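Let me begin by presenting the structure, written as structure tokens, before commenting on it.
These numbers come from a predicted model, not from an experiment. The basis for the numbers below is simple: all heavy atoms, side chains too, and nothing from hydrogens, waters or symmetry mates. Remember, it's 1-based here, ligands and their atoms both numbered in the order they're listed.
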Amino acid sequence: MPAAKPSPDAQRARAAYYDRIGEHHMTPLWEVLHALVPPLPSPRAQATMWRYAQLRERVLEAGRLISAQEAERRVLILENPGLRGQSCITQTLYAGLQLILPGEVAPAHRHTQSALRLVLDGEGAYTAVDGERTTMRRGDFIVTPAWTWHDHGNLGDQPVVWLDGLDIPIVRFFDAGFSEKSDQSTQQPLRPEGDALARYGANMIPVDYAPKPADPSRVFVYPFERTRASLQAIAQGTPDVHHGFKLRYVNPATGASPMPTIGALAQWLPCGFETKPLRSTDGTVVVCLEGGGEVKVGDVTWRFQENDIFVVPSWQALQLRADRDALLFSFSDRPVQQATGLWREQRL
Ligand code: GTQ
């Protein structure tokens, strides 16, 4: 039973008391207990859809207003409407669309925030991570783990757009942000392209390499063609009723997520397949790389197609239906929640 409402006298006495203790930087728990210890998650992040077909022109417009050099990173932040002003797509993650035009460079820097890129549009760009370049192809998943030097460039003749995902809100929460700029805006290649994938990404690792469990992946590009081939191969089998066919990107040397704060998944839904509803505590960003269909998050339903991006907030049920064979990429803070024992999932 809810407690009876206090009398006006009692309310006045309490308010005056709150003022008195406020002078000592104290505040009563009982006024906020239910919000602090909620019976279940009530995320401020909202289920939101960003349609690439509507965003593309707006992103290219930024290319006429500011250079990559001047901006340092020419990015339009995808800001969750429930978290305006906070540069967040979910409570714990940041996402943005980065544009790099032919001939431009985004100068080398490093920071304690971990980043991922998912290449969406255009060809001819590269990212360099700690002295090794990788050519960015559509659907490639590229990571720049915490404190690795990285710069981007476009050697081709088309604008290139990719999705950035960073743990900026997590690092801000911990007040653990550091960054520095390099004095060379483009890193000198130290190793040939493909070196990391050859050493760490072919079911082998260097003989004396002994990573610690939380070390980030030395494989920094997960080529789309490999991901796609794996999903297509397993799609010959029986789909999971909640996932269809879904694989988790890992640090191949440890089996952990590629970076300690961000987990990423790739999912294949055959044409006509509909998933059963599923909810989990990790608010998730989903990107459609191929195909299309319908997505239901909580009580909202949208159609989605290639390069559309949507958010599934914590503990809201997600249901997907593919109208064409669909390939989805997603990322979340799941590794953090799992390391801290917080992660929950419910198959409905
Ligand atoms: O490419 O290094 O979207 O440092 C935000 C911060 C991208 C990057 C972002 C960054 C970067």
So among V287, I309, D121, L163, which one has a side-chain contact (heavy atoms from CB on, under 4.5 Å) with Y52? D121
Looking just at side-chain N and O atoms, do E104 and N154 make a donor-acceptor pair shorter than 3.5 Å? no
Between H243 and Q267, do the side chains contain a donor N or O and an acceptor N or O under 3.5 Å apart? no
Going by the atom numbers of ligand 1, which of them fall below 4.0 Å from some non-hydrogen atom of H152? 1 (O), 8 (C)
Less than 4.0 Å between a side-chain N and a carboxylate O, is that true for R58 and E61? yes
Tell me the contacting part of I77 for ligand 1: side chain, backbone, both, or neither, using a 4.0 Å heavy-atom threshold, strictly below. neither
Under 3.5 Å, is there a donor on one side chain and an acceptor on the other for H242 and T275? no
Any non-hydrogen atom of Q113 lying under 4.0 Å from ligand 1? no
For ligand 1, which atoms sit closer than 4.0 Å to a heavy atom of Q98? 1 (O), 7 (C)
Mark up the atoms of ligand 1 that fall under 4.0 Å of a heavy atom belonging to L166, in ascending order. 3 (O), 5 (C), 6 (C), 9 (C)
If the contact criterion is a heavy-atom separation under 4.0 Å, does E72 count as touching ligand 1? no
Side-chain donor-acceptor pair present, H111, H109, cut-off under 3.5 Å: yes
Can you sort out which atoms of ligand 1 are near Y94, meaning under 4.0 Å from one of its heavy atoms? 3 (O), 5 (C), 9 (C)
So if I count the atoms of ligand 1 from 1 in the order they appear, which ones are less than 4.0 Å from some heavy atom of V75? 3 (O)
Does the separation of the ring centres of Y249 and F331 fall below 6.0 angstrom? no
Sub-4.0 Å atoms of ligand 1 with respect to non-hydrogen atoms of H111: 2 (O), 4 (O), 10 (C)
Atom 7 (C) of ligand 1: which protein heavy atom is closest, and how many Å away? D164 OD2, 3.3 Å
Can you find a side-chain donor-acceptor pair between Q337 and D282 that sits under 3.5 Å? no
In this structure, atom 8 (C) of ligand 1 is nearest to the protein heavy atom R73 NE, 2.9 Å
Which ligand 1 atoms, with their elements, are less than 4.0 angstrom from a heavy-atom of H109? 2 (O), 4 (O), 8 (C)
